[in-house]
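For reference, the structure is listed below as structure tokens.
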Amino acid sequence: MKTVTFRNGVSVPALGMGSWNLGDSKANRADEVASLRAGLDSGLSVIDTAEMYGSGRSEQLVGEAIAGRRDEVFLISKVLPSHASRSGTRQSCQDSLRRLGTDRLDLYLLHWRGSVPLEETVDTLIALQQDGLIRQWGVSNFDTEDMEELDAIAGAETCAANQILYNLEERGAEFDLLARDRENDIVTIAYSPLGQGGDLLHDPVLAEIARDHETASGPATPAQIALAWTISRSNVLSIPKAGSLRHFRENRAALDIVLTSGDRDRLDARFGPPRHKTPLAMI
Ligand code: NDP
């Protein structure tokens, strides 16, 4: 199984599980919990959530799914920029831990940049790490210039991850950000790797490539090719969200798909890599 390794030496499968919008519907709850548990059963460990998602409902659902299995999970959550002051970050972290039913996060991220000085947030994240509430800290939606600014802050060299929008339709980070983060031992976490289930999954080139790959349950799907592509990048952890067991199983099987150089060329011809710097896209 392809893995990525964080700066503290912890390795995780390169495919994880997102959770935005999970926990919002009573009708889907059982299937959503089953999907996350099936992930753990199959050896996936990363679950990504945030205090923002459903105002805590996603964290509560994740807490339900991982109850009694905390040691199998690499748990990521995020603090909202509006809460990222010294006292606010600590409070948000404690609230997330309570909703998740745990005493520690494996990775805690600043969700995006806001008005609180970055030094204050970084200092607090490092304090939470020293206090054992979080194992590692990182950032999200940080472009190259944000990472440069971060570099100038004391302790920033312990930043472990940058979670960004990255999929076949949004490849801007390949211009300089991915390499920069890799050189600095910062894992890139690719969010919305399926393009949020939109047009990407109806792309004819993805459909053609999918037909060339067999999986245990028949020909591959465009979603699996989109995921296999993100997973194939070095130092990238991909976190699709699946709201059902059916989608989860399909996504899990993408880990076994190996794209050929011919596939990659076709994908590059269809979804070109960036030729110049563009601002990091975000959702
Ligand atoms: P994704 O690209 O993961 O797409 C999720 C959508 O794709 C859902 O509608 C889902 O439907 C559908 N889907 C999942 N699997 C399949 C499949 N095999 N075939 C067809 N459709 C499928 O989008 P997200 O925006 O959810 O991103 C993933 C995760 O990244 C989030 O859940 C969140 O944890 C994180 N994130 C972080 C952000 C940040 O700012 N740091 C911003 C956005 C996301 P269904 O639910 O029915 O399975």
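For ligands, and for the atoms within them, numbers begin at 1 and follow the listed sequence.
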Under 3.5 Å, sequence neighbours excluded: what are the donor-acceptor pairs made by side chains of residues 45-53?
| residue | atom | partner | partner atom | Å |
| --- | --- | --- | --- | --- |
| Asp48 | OD1 | Lys78 | NZ | 3.3 |
| Asp48 | OD1 | Gln163 | NE2 | 2.8 |
| Asp48 | OD2 | Lys78 | NZ | 2.7 |
| Thr49 | OG1 | Ser19 | OG | 3.4 |
| Thr49 | OG1 | Ser58 | OG | 2.8 |
| Glu51 | OE1 | His83 | ND1 | 3.3 |
| Glu51 | OE1 | Ser92 | OG | 3.1 |
| Glu51 | OE2 | Leu80 | N | 2.7 |
| Glu51 | OE2 | His83 | ND1 | 3.1 |
| Glu51 | OE2 | Ser92 | OG | 3.3 |
| Tyr53 | OH | Lys78 | NZ | 3.0 |

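For the side-chain contact (heavy atoms from CB on, under 4.5 Å) test, no residue two or more places apart in sequence or in another chain qualifies with Ala67.
Among protein heavy atoms, the minimum distance from atom 26 (O) of ligand 1 is reached at Lys241 CB, 3.4 Å. Closest to atom 9 (O) of ligand 1 among all protein heavy atoms lies Gln196 O, 4.1 Å. Given atom 40 (O) of ligand 1, the protein heavy atom at minimum distance is Asn141 ND2, 3.0 Å. For atom 31 (C) of ligand 1, the nearest non-hydrogen atom of the protein is Trp20 CB, 3.6 Å. Atom 43 (C) of ligand 1 has Tyr191 CD1, 3.3 Å as its closest protein atom, hydrogens excluded (heavy atom only). Of the protein's non-hydrogen atoms, Ile239 O, 3.2 Å is the one closest to atom 29 (C) of ligand 1.
For ligand 1, the atoms closer than 4.0 angstrom to any heavy atom of Glu250 are 17 (C), 18 (N), 19 (N). In the vicinity of Leu201, heavy-atom distances shorter than 4.0 Å reach the ligand 1 atoms 20 (C), 21 (N). With ligand atoms numbered from 1 in the order given, ligand 1 contributes 48 (O) to contacts under 4.0 Å with heavy atoms of Ala242. Each of the following atoms of ligand 1 lies closer than 4.0 Å to a heavy atom of Pro193: 2 (O), 3 (O). Every atom of ligand 1 with a heavy atom of Gly18 under 4.0 Å away is listed here by number and element: 29 (C), 32 (O), 34 (O).
Residue contact annotation: Tyr53 has a non-hydrogen atom under 4.0 Å from ligand 1. Taking a 4.0 Å cut-off on heavy atoms, Asn251 registers as neighbouring ligand 1.
For the residue pair Ser85 / Glu120, no side-chain donor-acceptor distance below 3.5 Å is found, with atom types taken as modelled.
Heavy atoms of Ser192 found under 4.0 angstrom from ligand 1 belong to the backbone as well as the side chain. Residue contacts with ligand 1 for Asn21 are absent, since no atom lies close enough (heavy atoms, distance under 4.0 Å). Contacts between Leu194 and ligand 1, counted as non-hydrogen atom pairs separated by less than 4.0 Å, involve both the backbone and the side chain.
For atom 19 (N) of ligand 1, the candidate residues are Glu32, His247, Met282, Gln224; the nearest heavy-atom contact is made by His247.
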Output, in order, the C-alpha distance, side-chain angles, deciding distance and verdict of salt bridge (Lys or Arg N to Asp or Glu O under 4.0 Å) for Arg69 and Glu72.
-> CA-CA 6 Å; Arg69 309 181 67 166; Glu72 297 168 54; 2.8 Å; yes

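Taking only nitrogen or oxygen atoms, main chain and side chain alike, Lys78 does not reach within less than 3.5 Å of ligand 1.
Looking only at distances, no side-chain donor or acceptor of Thr89 sits under 3.5 Å from a matching main-chain atom of Arg86.
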